[in-house]
Participant: 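I'd like to ask some things about the structure below.
What you see is a predicted model, and the numbers here were worked out from it, not measured in a lab. FYI, side chains are in, hydrogens and waters are out, and symmetry mates aren't considered; it's all heavy atoms of this structure.
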Amino acid sequence: MNIKKNVEILNKKVPNTKDVYIPKIIDNLIEKPKTIVTLFKTESYEMILLGTLLTSNGIKLGYGIEAVIRELLTENGVTHLEKFSTQFETNDGNKEKQELDEHFAIDEKTHVMLELKIKDNHDSNKYRVDQDAFIEKIKNLNAQQTDITTYGIFWYISPDERKNQKKVKKEVEKQLPNLATVVGAGEIKDAFPEQTQNKLSNLYDNLIKIMIEWRQRTGGIPDLNFEDHSHKVIAKFQSLSEHKRLKLFGNADVVKYIFPIIFQTGEVLKTWVELGGISDKEKSLIDKYLSTLI
């Protein structure tokens, strides 16, 4: 396993850009504070933190993880079938092409389509759309390539993001008996066809090693101390309405669990108050937090 090469792959796919993640975190703290507070309180959040915070402008941790997994599989003799596609019939009878990025050849007669889930969809409609699309792809591939057996693997990578795993597994294995499975985290080692299981038994462990090395070498998870990037924070505050800023400063859980991480000294908040033009209520909320740092 070439750790350095895979770290470089992650660096290219997931740039550590303050222009994206600071505004994104602030927006998420306002619009879905419960989700973010829960995330920060979760012990094994490394695999999902960037995916949650950086889902903006095409910057997604999932792209980086997909690229690393392709590299790890290739290193073990599995062939990535680039830009592989299949056709399916729409409700109106037309044929459309489905691109299958994570499609691999184990040998001449055996293919695998890998569906990666970094972050689970808590919306029941959305997870069913993903589930049904996966099932349709595997059915189409096996119907169109009668001389090749294509197995499907639906992989929930993060141990904390698998709310719908049991429901998806039940439906997938019902509709695709012996042709697909749904696994979580380290269970991937038993999901590939038998002839490759020994080679790929450490796939998940190696992925985690690469993620840890990436964090250590590059600070892969962003610098969450906003005091070092005060101009970005001030610019974001200026772009928000007073109503939204009050939602941020007035959320007790956000102030208790997140502010000590992102506003460690309170200097950027002091600067915001000193600039003036804010309401007494907003100033009072900020002063209340600053008083806890004395």
Participant: Any chance you could measure Asn6, atom CG, to Ile210, atom CD1, to the nearest 0.5 Å?
Facilitator: 3.5 Å

Participant: So which heavy atom on Ala180 is nearest to which on Val172, and how close?
Facilitator: CB-CG1, 3.6 Å

Participant: Show the numbers, then the answer: is there a side chain to side chain donor-acceptor pair (under 3.5 Å) between Glu173 and Thr181?
Facilitator: CA-CA 6 Å; Glu173 295 183 354; Thr181 189; 3.0 Å; yes

Participant: Verify side chain to side chain donor-acceptor pair (under 3.5 Å) between Trp272 and Glu282, making sure each step is shown before the conclusion.
Facilitator: CA-CA 10 Å; Trp272 177 243; Glu282 186 174 344; 2.8 Å; yes

Participant: Can you name the nearest heavy-atom pair linking Thr110 to Ile148, along with the distance?
Facilitator: N-CG2, 4.4 Å

Participant: Please confirm whether the backbone N or O of Gly266 pairs with a side-chain atom of Glu227, one donor and one acceptor, at under 3.5 Å?
Facilitator: yes

Participant: Between Asp287 and Lys283, does at least one N-O distance fall below 4.0 Å, as a salt bridge requires?
Facilitator: yes

Participant: Just do the side-chain contact (heavy atoms from CB on, under 4.5 Å) check on Glu75 and Leu72 with the steps written out, would you?
Facilitator: CA-CA 5 Å; Glu75 288 176 3; Leu72 290 173; 4.0 Å; yes

Participant: Is there a salt bridge (charged side-chain N to carboxylate O under 4.0 Å, His left out) between Glu267 and Lys270 once you walk through the steps?
Facilitator: CA-CA 5 Å; Glu267 290 301 318; Lys270 292 176 186 176; 3.3 Å; yes

Participant: Between atom CG of Leu176 and atom CZ of Phe134, what is the distance when rounded to the nearest 0.5 Å?
Facilitator: 7.0 Å

Participant: Would you please test Asp27 and Lys236 for salt bridge (charged side-chain N to carboxylate O under 4.0 Å, His left out) and show each step?
Facilitator: CA-CA 9 Å; Asp27 282 338; Lys236 181 61 182 177; 2.9 Å; yes

Participant: Between Leu293 and Val233, is there a shared hydrophobic cluster once you connect ILVMFWY residues whose side-chain heavy atoms come closer than 4.5 Å?
Facilitator: yes

Participant: Given the rule in the side-chain contact (heavy atoms from CB on, under 4.5 Å) test, do Asp130 and Lys117 qualify, once you have shown the distances and angles that lead to the verdict?
Facilitator: CA-CA 10 Å; Asp130 291 343; Lys117 292 300 292 182; 2.8 Å; yes

Participant: Step by step, work out the side-chain contact (heavy atoms from CB on, under 4.5 Å) result for Leu29 and Ile262.
Facilitator: CA-CA 11 Å; Leu29 288 173; Ile262 64 177; 3.9 Å; yes

Participant: For Lys247, is the NZ atom crowded, meaning more than 12 foreign heavy atoms sit under 6.0 Å from it?
Facilitator: yes

Participant: Is the shortest side-chain N to carboxylate O distance from Glu242 to Arg245 below 4.0 Å?
Facilitator: no

Participant: Would you mind reporting whether Val112 and Thr150 have side-chain heavy atoms less than 4.5 Å apart?
Facilitator: no

Participant: Please verify the inter-ring angle class for Phe249 with Phe259; under 30° counts as parallel, over 60° as perpendicular, anything in between as tilted.
Facilitator: perpendicular

Participant: Would you call Phe104 and Leu81 a side-chain contact if the rule is heavy atoms closer than 4.5 Å?
Facilitator: no

Participant: Hey, what do you get for CG (Asp107) to OG1 (Thr149), rounding to the nearest 0.5 Å?
Facilitator: 9.5 Å

Participant: Using modelled atom types and a 3.5 Å cut-off, is there a donor and acceptor pairing between side-chain atoms of Thr292 and backbone atoms of Tyr289?
Facilitator: yes

Participant: Quickly, which of Gln175, Lys169, Lys167 forms a side chain to side chain donor-acceptor pair (under 3.5 Å) with Glu171? Name it, please.
Facilitator: Gln175

Participant: Measuring from Thr79:OG1 to Ile106:CD1, what's the distance to the nearest 0.5 Å?
Facilitator: 8.5 Å

Participant: List the steps, then state whether side-chain contact (heavy atoms from CB on, under 4.5 Å) holds for His111 with Tyr151.
Facilitator: CA-CA 6 Å; His111 288 184; Tyr151 296 93; over 6 Å; no

Participant: Within a strict 4.5 Å, meaning less than it, do heavy atoms of the His103 and Leu141 side chains meet?
Facilitator: yes

Participant: Can you name the nearest heavy-atom pair linking Ile138 to Leu179, along with the distance?
Facilitator: CG2-O, 4.2 Å

Participant: Can you tell if the side chain of Phe226 reaches within under 4.5 Å of the side chain of Gln264, non-hydrogen atoms only?
Facilitator: no

Participant: Could you measure the distance from the OG1 atom of Thr146 to the CD atom of Gln144? Nearest 0.5 Å is fine.
Facilitator: 10.5 Å

Participant: Donor-acceptor pair, Glu31 side chain versus Asn28 backbone, under 3.5 Å?
Facilitator: no

Participant: Side chains of Leu246 and Lys281, heavy atoms from C-beta outward: is any pair under 4.5 Å?
Facilitator: yes

Participant: If you define the side chain from C-beta out and look only at heavy atoms, does anything of Asp147 sit under 4.5 Å from Lys109?
Facilitator: yes

Participant: Would you call Phe237 and Ile26 a side-chain contact if the rule is heavy atoms closer than 4.5 Å?
Facilitator: yes

Participant: So, the side chain of Asn251 versus the backbone of Val254: is there a donor-acceptor pair under 3.5 Å, distance only?
Facilitator: yes

Participant: Would you name the heavy atoms of Leu116 and Glu66 that are closest together and state the gap between them?
Facilitator: CD1-CG, 3.2 Å

Participant: Enter the distance from His243:NE2 to Ile30:CD1 here, rounded to the nearest 0.5 Å.
Facilitator: 9.5 Å

Participant: Taking the side chain as every heavy atom from C-beta outward, state whether Glu102 and Met113 have any atom pair closer than 4.5 Å.
Facilitator: no

